[in-house]
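Report on one structure; see the data block that follows.
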Amino acid sequence: MAQPSSLRADTTIRLSPKVLFKILDDEAVLLDLQSGQYFGLNELGCRIWQLIPAHGRLGEIQDRLVEEYDVSTDQAWHDLEDLIAELMRRGLVSAVPEPPPENLAESR
Amino acid sequence: MSEEPLFDESTGSAVWRTYNLYGLMVASDFPFTSRLPPGPGQPDLTFTCAGAPPISGDFPPPVYVSRFRNAQGKSNCSFYRRGELDLLRFPDVGDFYLGTDRIVCQSANPDDPEMVEIHLLGTVLSCWLERTGVPSLHASAVVADGRTVGFLSYNGGGKSSLAAAMMQGGCPLLTDDVLAVEPSPQGFAGRHGYAQMRLWPTEAEHFCGPAAGFPRVHRDASKVRVPVGNGAFGTFDGAERPLTAFYLPVRRPPGDRDTWVEIEALCPRDAVIEFVRHSFVASLVEAAGWQPRRLDLFARLALAVPVKRLIYPSGLEHLPRVREAILNDLEDR
């Protein structure tokens, strides 16, 4: 699993298939079926969770947050990185392993 | 105590009766000491005690084992599943077999039926309800203006004393300890329990007078049984009532100088977490894999019924003011 510091704009995030997501007004509750634990997401967290399956790459999600919430790119990245790191720590999302660089793959 | 004889004197055998409990018609020959409301019509399930298990063969390993142990070091509760049959094992009380239309108890101590009754009316029936998709909350509830008001808390958290304070103000009791909820045409409804409360002796004395002399819930328990209605304390409402609000009691520590009553609404997200936290048999639901359907229902419940934190001073003498604050809050809805 990637460490928070390793998150980059081209990092692709995947939702855990063992998590249920339930929207309540603008917020949401997550149920981790493996641990039986519940987590609450605020409005921003709820939106990020919804954007992950559609956009995957953090850079694209960041762009959507800048557009939808009228915040700076730095602020959007800060909020995004904080949440993704926390979700990764709890095993609710994971970073998709990056393929080896093309030149390395070709040399093998 | 039940007012009808529980045994047929001519034959010496137990009399079968049907009770209306948590929205279920329960037929049983068990000599209940609690005053259970009679139930007309066909039973949804039967409850009886037997000297042997109702089925042969072993169950697979338990899906849940409580971390709490009895004096012999055995887990206080284990939960087994085999096909359509579930088994709740309480080593000091007995084995409860839960089927689709019956519950059978093989008592560990036939001389102590009160413990069988306590477990049946709490954990066992709550588990049976959850099997059928009806969540049961750890709550007491009263009826105000025809609607259910629930108080969610752990043991000793203040739910029964709040319900008793509301009853003193004229609100009938709907249930004490277990509140089964279900969707209804108006949103959600609370199902009634039975006409009895379990109170600490000081609470019973406060609400009913020092000479009441109520029996203990069990010889090893501190709480006492307080009958409700029929000339006893307050009144009982044996109907299903639409839910209008939940309150989460938070008592200020004794000695805290703040004496005002505060009521804070929770957002639906936090309300769902509180419903989960105050599920009567949360561990069993998790072990059985019933959480997804319950999450769906709790989400709908949180959007339909407000949940509020009720912060109030410690001390029974403050409860009338707390009651007024609740009634005013309900009027403001």
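In what follows, chains carry the letters A, B, and so on, assigned in the order in which the sequence lines appear, proteins first and then strands, with residues in each chain numbered from 1. Keep in mind it's a predicted model, so treat the numbers as computed, not measured.
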### Task
Heavy-atom pairs under 4.5 Å with chain A are the metric here; pick the option from Ala299(B), Cys267(B), Ala287(B) that has the most.
Ala299(B)
### Task
Using a cut-off of under 4.5 Å on heavy-atom pairs, state which of Leu20(A), Ile23(A), Leu41(A) scores highest against chain B.
Leu41(A)
Anything under 3.5 Å between chain A and chain B that's a donor-acceptor pair? List each one with its distance, please.
| unit_1 | atom_1 | unit_2 | atom_2 | d |
| --- | --- | --- | --- | --- |
| Lys22(A) | NZ | Asp296(B) | OD1 | 2.8 |
| Tyr38(A) | OH | Arg294(B) | NH2 | 3.2 |

### Query
For Pro292(B) and Leu33(A), which heavy atoms make the closest approach, and how far apart are they?
CG-CD2, 3.8 Å
### chain B contact residues among residues 53-67 of chain A, heavy-atom distance under 4.5 Å
none
### Task
Identify, with sequence neighbours excluded, every residue that meets side chain to side chain contact (heavy atoms under 4.5 Å, CB included) alongside Ala302(B).
Leu24(A), Pro268(B), Ala271(B), Val272(B), Phe275(B)
